[in-house]
Amino acid sequence: MSERLENTIALVTGASSGIGKATAIRLASAGAKVVLVARRIERLKELEQQIKNAGGEAFSVEADLTNANEAGEAIAKTIAKYGRLDTLVNAAGVMNNGATLDRTLDELEQMIAVNLSGLLYITRAALPHLIEAVATSPRKVVDVVNISSVAGRFATAGVAVYNATKFGVTAATEAWRQEFTRQSIRFSVVEPGAVDTELWDEDGWKVFNNLFGKVESLHASDIAEAVAFIVTNPRRVAINEIVVRPTDQA
Ligand SMILES: NC(=O)c1ccc[n+]([C@@H]2O[C@H](COP(=O)([O-])OP(=O)(O)OC[C@H]3O[C@@H](n4cnc5c(N)ncnc54)[C@H](OP(=O)(O)O)[C@@H]3O)[C@@H](O)[C@H]2O)c1
């Protein structure tokens, strides 16, 4: 049975596009006040207005999450604005797949910087506030949902560094789950297959099509639905992991 999220604050990274954007809209419709985090502030402001027009509440924060100070500032601004943080959804990510020698070192390192280091910076900054929020939470529980990938379960040629980051996200999420479970923080991982978003460039699709052929891709809102399912469950129910693939993806 799902609960409403009124009187809770949800911060969504990667909210300027794709899965993060769809998740922010979905959590706002469930009653949460949403904090929108990404680099492209004009996109965040547009989404903020869209959420407000639909009767919700949103607040935009520009941050490059590869910078630990900016990640920390995003949390500080959230607390200054709303006084608490109940839900963190880590959706920011980049994917520069293809033959390792066809990608620059910068492109490869960027995946580590955003997908792993960025997620670490904002999660670590959020944790003291999440712990504090449990005590006054109307729902007596708080959530961290990390968007990993099917690429966090199976490694394939052409995906090496992305695989490394997503295996890392899945592993860290499970370790954090164990570490914080007695403090009523639910750590969960969502592992999508192909979702039609801006994440994909030509090389990315080439690698994917070679592996799986043409599939009917998921929509970002399909993943937002999985996140909403996780965070609206009552306190006693922890959904640790959800894999969502397109029906056609082997
Ligand atoms: N699409 C798929 O098929 C798929 C499948 C499995 C998993 N995933 C994962 O799902 C998550 C969301 O991806 P998506 O498909 O929604 O991609 P997307 O549409 O490209 O969105 C990526 C988001 O990450 C943000 N971002 C990138 N670099 C950033 C940085 N340095 N600092 C702050 N924000 C940054 C982008 O915002 P700015 O550019 O404005 O900063 C954007 O909002 C990613 O972790 C991705 O790995 C996606």
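Every heavy atom of this structure was used, including side-chain atoms; hydrogens, water molecules and symmetry mates were not. Read the numbers this way: they start at 1 and go in the same order the structure lists the ligands and their atoms. Remember, predicted model here, so these are calculated numbers, not experimental data.
- With respect to the salt-bridge test (charged N to carboxylate O, under 4.0 angstrom), the residues Arg103 and Asp201 qualify.
- Between the side chains of Glu48 and Ser60, at least one donor N or O sits under 3.5 Å from an acceptor N or O.
- Between Trp200 and Trp205, the angle of the ring planes stays under 30°, which puts this pair in the parallel group of the 30/60° scheme.
- By the 4.5 Å heavy-atom criterion applied to side chains, Arg186 and Arg177 are not counted as neighbours.
- Residues Leu218 and Ile19 fall within the same hydrophobic cluster, defined by Ile, Leu, Val, Met, Phe, Trp and Tyr side chains chained together at heavy-atom separations under 4.5 Å.
- One side chain, Asn90 or Thr123, offers a donor N or O that lies under 3.5 Å from an acceptor on the other.
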For a distance cut-off of 3.5 Å, show me each N or O of ligand 1 paired with any protein N or O, plus the separation.
{"unit_1": "ligand 1", "atom_1": "1 (N)", "unit_2": "Val195", "atom_2": "O", "d": "3.1"}
{"unit_1": "ligand 1", "atom_1": "1 (N)", "unit_2": "Thr197", "atom_2": "OG1", "d": "3.1"}
{"unit_1": "ligand 1", "atom_1": "1 (N)", "unit_2": "Trp200", "atom_2": "NE1", "d": "3.4"}
{"unit_1": "ligand 1", "atom_1": "3 (O)", "unit_2": "Gly193", "atom_2": "O", "d": "3.4"}
{"unit_1": "ligand 1", "atom_1": "3 (O)", "unit_2": "Val195", "atom_2": "N", "d": "2.7"}
{"unit_1": "ligand 1", "atom_1": "3 (O)", "unit_2": "Val195", "atom_2": "O", "d": "3.3"}
{"unit_1": "ligand 1", "atom_1": "3 (O)", "unit_2": "Trp200", "atom_2": "NE1", "d": "2.9"}
{"unit_1": "ligand 1", "atom_1": "15 (O)", "unit_2": "Thr197", "atom_2": "OG1", "d": "2.5"}
{"unit_1": "ligand 1", "atom_1": "16 (O)", "unit_2": "Ile19", "atom_2": "N", "d": "2.7"}
{"unit_1": "ligand 1", "atom_1": "19 (O)", "unit_2": "Ser17", "atom_2": "OG", "d": "2.5"}
{"unit_1": "ligand 1", "atom_1": "20 (O)", "unit_2": "Leu199", "atom_2": "N", "d": "3.2"}
{"unit_1": "ligand 1", "atom_1": "24 (O)", "unit_2": "Gly93", "atom_2": "N", "d": "3.3"}
{"unit_1": "ligand 1", "atom_1": "28 (N)", "unit_2": "Arg39", "atom_2": "NH2", "d": "3.3"}
{"unit_1": "ligand 1", "atom_1": "31 (N)", "unit_2": "Asp64", "atom_2": "OD1", "d": "2.9"}
{"unit_1": "ligand 1", "atom_1": "32 (N)", "unit_2": "Leu65", "atom_2": "N", "d": "3.0"}
{"unit_1": "ligand 1", "atom_1": "37 (O)", "unit_2": "Ser16", "atom_2": "OG", "d": "2.8"}
{"unit_1": "ligand 1", "atom_1": "39 (O)", "unit_2": "Arg39", "atom_2": "NH2", "d": "2.9"}
{"unit_1": "ligand 1", "atom_1": "39 (O)", "unit_2": "Arg40", "atom_2": "NE", "d": "3.1"}
{"unit_1": "ligand 1", "atom_1": "39 (O)", "unit_2": "Arg40", "atom_2": "NH2", "d": "3.2"}
{"unit_1": "ligand 1", "atom_1": "40 (O)", "unit_2": "Ser16", "atom_2": "OG", "d": "2.8"}
{"unit_1": "ligand 1", "atom_1": "40 (O)", "unit_2": "Arg39", "atom_2": "N", "d": "3.4"}
{"unit_1": "ligand 1", "atom_1": "40 (O)", "unit_2": "Arg40", "atom_2": "N", "d": "3.0"}
{"unit_1": "ligand 1", "atom_1": "40 (O)", "unit_2": "Arg40", "atom_2": "NE", "d": "2.8"}
{"unit_1": "ligand 1", "atom_1": "41 (O)", "unit_2": "Arg39", "atom_2": "N", "d": "2.8"}
{"unit_1": "ligand 1", "atom_1": "41 (O)", "unit_2": "Arg39", "atom_2": "NE", "d": "2.7"}
{"unit_1": "ligand 1", "atom_1": "43 (O)", "unit_2": "Gly14", "atom_2": "O", "d": "2.9"}
{"unit_1": "ligand 1", "atom_1": "43 (O)", "unit_2": "Ser16", "atom_2": "N", "d": "3.4"}
{"unit_1": "ligand 1", "atom_1": "43 (O)", "unit_2": "Ser16", "atom_2": "OG", "d": "2.7"}
{"unit_1": "ligand 1", "atom_1": "45 (O)", "unit_2": "Ala91", "atom_2": "O", "d": "3.3"}
{"unit_1": "ligand 1", "atom_1": "45 (O)", "unit_2": "Lys166", "atom_2": "NZ", "d": "2.9"}
{"unit_1": "ligand 1", "atom_1": "47 (O)", "unit_2": "Tyr162", "atom_2": "OH", "d": "2.6"}
{"unit_1": "ligand 1", "atom_1": "47 (O)", "unit_2": "Lys166", "atom_2": "NZ", "d": "3.0"}

